[in-house]
Amino acid sequence: MLLPESLAPISQSALESIRQSADALKHWPESLLTQLDYVAGLSQFVVDVLNTDEHLLQVLPEMLQETSRHSAYRKRLAILLSDCHDEMSGHRVLRQFRNREMVYIAWRDFTGSWSLEESLEHLSQLAEAMIFETYQWQYKACCDLWGTPCNDQGDAQPMLIIGMGKLGGGELNFSSDIDLIFTYPENGETQGARRSIANAQFFTRLGQRIIKALDQQTYDGFCYRVDMRLRPFGDSGPLVMSYAALEDYYQEQGRDWERYAMVKARVMGSEMYPEYQELRQMLRPFVFRRYIDFSAIQSLRRMKSMISSEVRRRGLVNNIKLGAGGIREIEFIAQVFQLIRGGREPGLRHRSLLLTLDAIEELDLLEDGGTQHLRDAYKFLRRLENLLQAMADKQTQTLPESSVEQLQLATAMGYHDWQGLLADVHTHMDAVHQVFNGLIGDDEEESSDVAKHFHELWDMAEKQDVMEHVLSEDIGAEEPQVMANTIIQFKHDLAKKTLGPRGREVLNRLMPKVFAAIYSHPDAQFGLPRVLHLLQKIVTRTTYLELLDEHAAALTQLVRLCTASPMISEQLGRYPILLDELIDPQQLYNPIPLESYQTELRDFLARIPEDDMEQQMEALRQFKQICILRIAAADIAGVLPVMKVSDHLTYLAEAIVESVVNQAWLQMAEKYGEPNHLKDREGKGFAVIGYGKVGGWELGYNSDLDIVFMHDCPVSAYTDGKKEIDGRQFYLRLAQRIIHIFSTRTASGILYEVDTRLRPSGASGLLVSPAEAFDEYQHTEAWTWEHQALVRARMIYGDEPLQQSFAQTRHNVLTLERDENKLKQEVVDMRIKMRDHLGGKKADRFMLKQDPGGITDVEFLAQYLVLRYSHEKPKLTRWSDNVRIFESMIAQGVMDEEQAMAITHAYTEMRDQIHHRNLLNLDADVALDKFVVERELVSKIWQQWLG
């Protein structure tokens with residue numbers, strides 16, 4: 001085990017700083033110091049960890065005496081985490097534990113003192129221990145915060161973490177991502193905390209904490225990149241789903257590539273195996289068909305061409321995973337047999353690739369020693385991959401280009417020089433590729449004999465040169481190469497979908513029409529990727545393809561809207577039911593009149609039984625999406641100016657709030673009856689206060705709702721139902737139910753993100769405030785910034801008595817006499833604090849909201865003026881929106897007309913810009929040479945009043 005001479009200086013230089021910790025090295029045996037010289041010459045990762053972790057220097061000799069460590073991973077980590085009472089200390093423990101054990105694994109890999117199988121097992125068991133013990137630690141912490149998630153019978157519910165890919169197969173590589181899916185057995189609510197939440201909400205929060213604990217970069221590094229994209233619906237789906245939802249998804253929408261992925265799925269933590277069996281039984285028919293499934297061959301052929309095109313597109317040279325004959329092709333060959341015959345042959349259902357190859361050999365499915373070629377190549381390439389990644393703990397499968405790294409890798413693999421290693425790499429990969437080609441064959445694309453250029457564009461979507469010629473010469477498109485790539489990629493991606501003969505037939509008829517519609521539009525370069533992205537989302541739903549094929553007007557509107565706004569194309573892709581709205585352009589471009597949102601929503605919900613909560617929730621979301629599509633269509637067509645768009649979005653939100661309160665009330669009243677103080681009066685004794693954008697009639701397309709709940713229930717009240725509870729407890733549960741209806745993710749997503757942190761005492765305060773407590777808090781405890789927030793607050797739902805009570809409190813608080821200098825200082829301090837906290841500055845860009853001279857300055861100025869002058873001029877408290885606040889400033893003689901009109905103009909111009917950037921899915925920032933006059937004006941007025 002000798003380093004080549006040219007690597008010796010690298011080792012000596014790397015060890016200089018470590019040797020300064022000579023005390024720690026004194027008790028190292030000579031043989032181990034020799035190994036240290038050797039490993040330090042090959043792995044920067046090992047050197048870096050030893051340099052930063054003195055404790056490891058002391059314990060490593062003891063660790064290396066153990067020939068196996070994985071069986072104790074979980075126990076050791078559980079003990080360490082049991083002492084961690086905050087996230088920061090837990091994150092540190094996890095990262096240190098990971099790095100120490102990875103040094104042990106790398107050391108054994110580089111010194112060749114164990115087999116590949118032992119290395120893969122340690123890497124996989126380490127990841128499993130890290131994931132599962134993090135789950136155990138965070139599950140307990142979450143239960144302490146929100147109660148224990150239970151089903152309807154009161155049984156505690158666990159969350160199962162399913163490891164996919166190499167993690168699931170127990171063959172993780174050294175610097176791998178971990179692909180996970182989160183699920184739990186049954187829905188229900190938490191028990192044992194002051195306030196219960198739905199299981200789905202509990203497990204989503206738990207999942208987010210686990211991801212953060214493993215994935216977040218801290219001073220100590222990170223543990224694993226966590227990839228959740230293999231879950232149902234990918235990034236757009238809920239983070240966690242129940243068994244039932246998972247089963248529905250895979251039965252109704254599961255695609256071929258998800259079958260391949262599910263072959264390797266394995267639950268983390270041996271305790272969870274009994275819980276997992278039920279789910280595994282559910283999913284088995286999806287993964288392994290009962291019959292010999294030769295239909296998989298066609299799909300796998302397309303995946304083969306995608307692999308080849310991916311390698312070509314990304315210019316991957318010397319990639320031992322994705323290149324021809326690489327690790328992915330070996331995995332692919334094993335999966336061919338698993339998917340075609342796994343339903344009949346239990347021996348082919350192994351998650352481990354090496355065990356699957358054994359089964360293929362036993363069943364004699366490959367001839368001429370093909371299995372042995374694959375086994376040898378896999379072991380060779382996986383060992384090479386691990387050593388390559390362990391050199392610097394980098395996720396790479398591309399062979400190094402620098403001569404030093406080449407020599408380091410060759411030495412680690414036991415070769416005298418790079419050429420010898422490279423020759424063997426090529427020999428193994430050639431042998432794999434030969435088996436791969438013989439097994440998968442070629443995908444003969446059917447071609448049509450229609451010659452028109454839009455048909456040609458579709459039929460020739462494999463031939464880049466032909467397509468570029470058609471695009472540039474026949475169609476006259478700009479950037480033909482980019483467009484050709486987009487169409488080729490779209491057609492390749494279709495290979496992942498199960499279309500069926502009818503779907504394919506409709507698609508072949510529809511695509512030339514789609515191209516004709518796109519290229520009749522002047523902004524085709526924007527329209528093409530967006531429309532194709534949308535089609536990618538709906539392509540397995542043949543009825544929608546037929547709708548677009550049969551309704552030329554609908555296709556025209558689709559192309560027009562997608563070309564103008566990626567936000568709309570994403571909405572349509574996520575919720576294809578909205579495509580029905582495109583059939584009637586008359587209706588599409590005419591939003592519901594402002595005063596009619598409530599009645600339209602009531603009519604929309606009237607067709608669904610009141611007690612069918614699930615359908616009611618789904619219908620609310622669909623109504624919102626249909627309305628937003630119409631508002632956005634009118635916005636794009638120029639029918640609605642920005643202020644009117646916000647009015648529509650705000651009135652829509654108010655109608656939805658009313659409906660959600662009514663639904664929640666029905667459910668609560670059915671269970672508990674109604675609070676008895678309501679006997680001799682109308683209404684519910686309940687109110688919703690809107691703050692911020694909804695309070696100021698300024699909602700945008702993606703706005704949250706900032707709301708606060710209020711009631712006027714006396715302490716003595718009780719409900720009059722079968723199950724009697726305290727009246728105030730009733731209102732608390734009502735508010736929880738309202739939040740649940742808003743935030744539960746159904747097939748159509750969530751209704752609104754709801755933020756209730758502006759309530760008295762913030763997140764630690766009561767979820768629903770009694771009116772008198774709200775009044776007292778605002779007068780005695782609220783900070784100046786809370787009074788600023790009150791400027792932009794109004795009641796968006798509630799009875800007349802509460803309406804009067806809130807209006808009175810708001811008016812009285814805003815008209816309090818304030819010390820001008822103190823007020824000025826507090827507003828300025830809060831503005832600076834907010835800018836520091838939210839200012840995420842981009843180089844050479846003006847952030848429309850947070851930068852000096854931006855929208856928030858205008859909002860703060862309006863709030864300051866109301867708080868400063870309302871004592872003398874109480875009429876200033878009338879409005880909660882900025883435009884009318886500045887109009888009041890003119891009417892009350894606080895500001896001169898020219899200044900107020902100028903700042904209002906600057907404000908509306910910037911809001912208009914944000915609005916249109918929302919439609920384009922762009923951040924709220926512009927080039928520094930934009931809005932120069934407006935920014936200077938706002939800053940100048942700010943200086944005058946608050947400087």
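When reading the values below, keep in mind they use all heavy atoms of this one structure, side chains included, and skip hydrogens, waters and symmetry mates.
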Non-hydrogen side-chain atoms of [X] and [Y] separated by less than 4.5 Å:
X: L548; Y: Y544; answer: no
X: P149; Y: Y184; answer: no
X: V657; Y: V660; answer: no
X: L528; Y: L532; answer: yes
X: M241; Y: F182; answer: no
X: P609; Y: Q615; answer: no

- Message: Under 4.0 Å between a side-chain nitrogen and a carboxylate oxygen: does that hold for D923 and R917?
- Response: no

- Query: Should R792 and E698 count as an ion pair when the cut-off is N to O under 4.0 Å?
  - Reply: yes

Which salt bridge (Lys or Arg N to Asp or Glu O under 4.0 Å) pairs, counting each pair once, include a residue from [range], with sequence neighbours left out?
range: residues 229-245; answer: D227-R229
range: residues 628-654; answer: E581-R630, E654-R794
range: residues 552-562; answer: none

Give, for atom [atom1] of [X] and atom [atom2] of [Y], the distance between the pair rounded to the nearest 0.5 Å.
X: S565; Y: N921; atom1: OG; atom2: CG; value: 6.5 Å
X: F774; Y: D712; atom1: CZ; atom2: CG; value: 14.0 Å
X: I739; Y: T756; atom1: CD1; atom2: OG1; value: 5.0 Å
X: D523; Y: I518; atom1: CG; atom2: CD1; value: 12.5 Å

Looking at [X] and [Y], what are the two nearest heavy atoms and their distance?
X: I885; Y: A862; answer: CG2-CB, 4.0 Å
X: L572; Y: L558; answer: CD1-CD1, 3.7 Å
X: G690; Y: I707; answer: CA-CG2, 4.3 Å
X: R681; Y: P801; answer: NH2-CG, 4.2 Å
X: G695; Y: S880; answer: O-OG, 2.6 Å

Contacts of [X] that satisfy side chain to side chain donor-acceptor pair (under 3.5 Å) - sequence neighbours left out:
X: W665; value: E674
X: R602; value: E658
X: D912; value: H916
X: E186; value: N151

- Query: Would F202 and C142 count as a side-chain contact (heavy atoms from CB on, under 4.5 Å) if you check the C-alpha gap in whole Å, the side-chain angles of each, and the deciding distance to 0.1 Å?
  - Reply: CA-CA 8 Å; F202 176 93; C142 289; 3.6 Å; yes

ring-ring contact (aromatic ring centres under 6.0 Å, His included) against [X], all qualifying residues, sequence neighbours excluded:
X: W146; answer: none
X: F886; answer: none
X: Y701; answer: H915

Donor-acceptor contact below 3.5 Å, side chain [X] vs main chain [Y]:
X: R209; Y: L206; value: no
X: D881; Y: R884; value: yes
X: R621; Y: G749; value: yes
X: S242; Y: N187; value: no
X: T563; Y: F526; value: no
X: S659; Y: A655; value: no
X: S596; Y: I592; value: no
X: K497; Y: Q536; value: yes
X: T908; Y: T904; value: yes
X: T719; Y: I725; value: yes

Looking only at side-chain N and O atoms, does [Y] offer a donor or acceptor that is under 3.5 Å from a partner on [X]?
X: N882; Y: Y907; answer: yes
X: E909; Y: Q913; answer: no
X: Y672; Y: Q729; answer: no

- Message: One pair to check against side-chain contact (heavy atoms from CB on, under 4.5 Å): L239 and I211. What are the steps and the verdict?
- Response: CA-CA 11 Å; L239 188 65; I211 293 168; 4.0 Å; yes

Flag if over 12 foreign heavy atoms under 6.0 Å of [atom1], [X]:
X: K624; atom1: NZ; value: yes
X: K537; atom1: NZ; value: yes
X: K684; atom1: NZ; value: yes
X: R757; atom1: CZ; value: no
X: F742; atom1: CZ; value: yes

- Message: Between H648 and L640, is the side-chain contact (heavy atoms from CB on, under 4.5 Å) condition met? List the steps.
- Response: CA-CA 9 Å; H648 275 273; L640 288 180; 3.9 Å; yes

- Message: Would you call the rings of F686 and Y731 parallel, tilted or perpendicular, taking 30° and 60° as the class edges?
- Response: parallel

- The salt bridge (charged side-chain N to carboxylate O under 4.0 Å, His left out) partners of R737 (sequence neighbours excluded) come to E189

- Message: Once side-chain hydrogen bond (donor to acceptor under 3.5 Å, both in side chains) is applied, what residue pairs with a partner in residues 742-751 remain, sequence neighbours excluded?
- Response: E618-T746, E618-S748, H740-T744

- Message: side-chain contact (heavy atoms from CB on, under 4.5 Å) for S646 and W697? Distances and angles first, verdict last.
- Response: CA-CA 6 Å; S646 285; W697 283 282; 6.0 Å; no

- Item | salt bridge (Lys or Arg N to Asp or Glu O under 4.0 Å) between D706 and K693, worked out | CA-CA 8 Å; D706 288 301; K693 287 193 169 67; over 6 Å; no

- List the steps and the verdict of side-chain hydrogen bond (donor to acceptor under 3.5 Å, both in side chains) for E595 and Y651. CA-CA 8 Å; E595 65 283 355; Y651 276 83; over 6 Å; no

